[in-house]
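Report on the following structure.
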Amino acid sequence: MKFQIIFGGLVALFIIRLFYSNVIKGVKSKHFLFYLLFWISVLLAIIFPEETNKIARFFNITRGADFFIYISIIVIFYLLFRFYERLEKIEQNITEIVRHIALKERAAQEDKGK
Amino acid sequence: MNKKVFILIAAFNEEKAIGNVIEDLHSQGYLNIVVVDDGSRDGTAAEALKRGVDVLSHIVNRGKGAALQTGTDYILSKDADIIVHFDADGQHRAEDIKHLIKPIIDGSADVVFGSRFLGVAENIPFLRKLLLKLGRIYTNLFFGAALSDTHNGLRAFKIDVFKKIVLTEDRFAYASELVEKVIKNRFLYREVPVNINYSEYSLGKGQKNINAVSIVFRDLKRRIGR
């Protein structure tokens with residue numbers, strides 16, 4: 001019960017903040033709908049833990065919480081790998097830019113010297 | 001026939017050593033020198049310019065692989081016949097270069113790798129030596145190369161090699177990427193003994209042994225990604 005109040009309250013705050021910045025303040029986050037659905041599902045899972053157990057049992061996992069953790073880990077790894085790849089791409093881009101500048105500056109120096 | 005040899009040096013914070021390195025090269029008759037200053041925060045570029053070499057500057061540090069590729073792009077526009085990789089920290093000896101380029105000039109190789117294990121290496125710390133030996137077993141298994149020293153910065157290439165090969169690894173994994181691509185493209189390669197000077201200075205500046213882990217990881221990633 002304590003868990004539900006504290007974490008439920010926290011998630012409720014997230015949802016309120018979402019609405020505040022997107023609807024009232026007008027800062028349109030691209031993924032507003034996604035975040036909203038995500039946090040509402042989390043809130044529902046906290047308020048109705050027995051429902052999560054039903055979902056878990058469908059996959060032959062006893063506890064809803066366990067099921068949630070397995071899913072979370074998979075999702076987190078996936079996101080981590082995606083981020084890593086993005087970082088790699090950004091690094092490549094930076095090197096390309098730095099190289100371009102180096103070559104350009106050198107060419108300019110040579111032209112000046114001529 | 002006189003081949004135009006370009007010496008390519010990637011340098012990062014080597015203002016204390018780069019001057020001597022360039023003088024050593026000049027004393028052996030190598031006048032086409034390109035120094036790529038990889039985002040140094042000291043006077044490396046200035047010291048190099050003082051000695052009349054061509055200097056390219058990365059505005060931020062990108063890694064030795066990236067610096068070498070930048071230098072290579074530049075040299076490709078310069079009508080060069082041979083490119084020699086040479087370290088900026090004084091570990092290499094300019095007198096070894098003639099042994100490196102000989103097989104290229106007489107046509108028996110496209111790529112020549114310097115090996116410290118075929119020659120005389122003074123003062124290699126034991127742990128470093130062990131790691132290098134393991135590294136060579138790894139590289140030979142992984143890439144199918146018969147090399148005794150795969151992470152030596154002293155190498156010589158026929159210019160044609162870099163018309164086909166581009167380095168995508170910015171940092172230390174470039175050395176294995178290079179070996180991998182040389183083999184994949186079926187270039188003729190050999191090894192030649194060279195002498196390395198290990199001093200407290202150059203060891204402090206060189207690679208950390210732990211980089212080996214990162215290199216293996218990146219090699220795997222590249223291989224599996226194909």
Please check if the number of heavy atoms outside [X] that lie under 6.0 Å from its [atom1] is greater than 12.
X        : atom1 : answer
A:Tyr84  : OH    : yes
B:Lys164 : NZ    : no
A:Phe32  : CZ    : yes
A:Arg17  : CZ    : no

So which part of B:Asp54 gets closer than 4.5 Å to some heavy atom of chain A, the side chain, the backbone, both or neither?
->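 Both parts, backbone and side chain.
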Against chain A, label B:Val55 side chain, backbone, both or neither, depending on which of its atoms sit under 4.5 Å from a heavy atom there.
->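 Contact with chain A: backbone only.
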Donor-acceptor under 3.5 Å (A:Arg99 side chain, B:His58 main chain) |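 Judged by distance alone, no pair lies under 3.5 Å.
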For B:Leu56, which of A:Lys104, A:Arg106, A:Gln109 qualifies under side-chain contact (heavy atoms from CB on, under 4.5 Å)?
->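 It is A:Arg106, the one option of A:Lys104, A:Arg106, A:Gln109 that forms the side-chain contact (heavy atoms from CB on, under 4.5 Å) with B:Leu56.
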Considering all heavy atoms, the nearest B:Ile59-A:Val98 contact =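 Heavy atoms of B:Ile59 and A:Val98 come nearest at N-CG1, 3.7 Å.
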Where A:Leu103 and B:Thr70 come nearest, the two heavy atoms and their spacing |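 It is CD2-O, 3.9 Å.
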Side chain, backbone, both or neither: which part of A:Ile97 has an atom under 4.5 Å from a heavy atom of chain B?
->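 Neither part.
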CD of A:Glu96 to CD of B:Gln69: how many Å apart, nearest 0.5 Å?
->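 Between A:Glu96 CD and B:Gln69 CD, I get 11.0 Å after rounding to 0.5 Å.
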If you count heavy-atom pairs under 4.5 Å with chain A, which of B:Gly63, B:Ser57, B:Gly39 comes out on top?
->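 It is B:Ser57.
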Hey, are B:Arg218 and A:Glu91 close enough for a salt bridge, meaning a charged N less than 4.0 Å from a carboxylate O?
->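 So B:Arg218 does not pair with A:Glu91 through a salt bridge.
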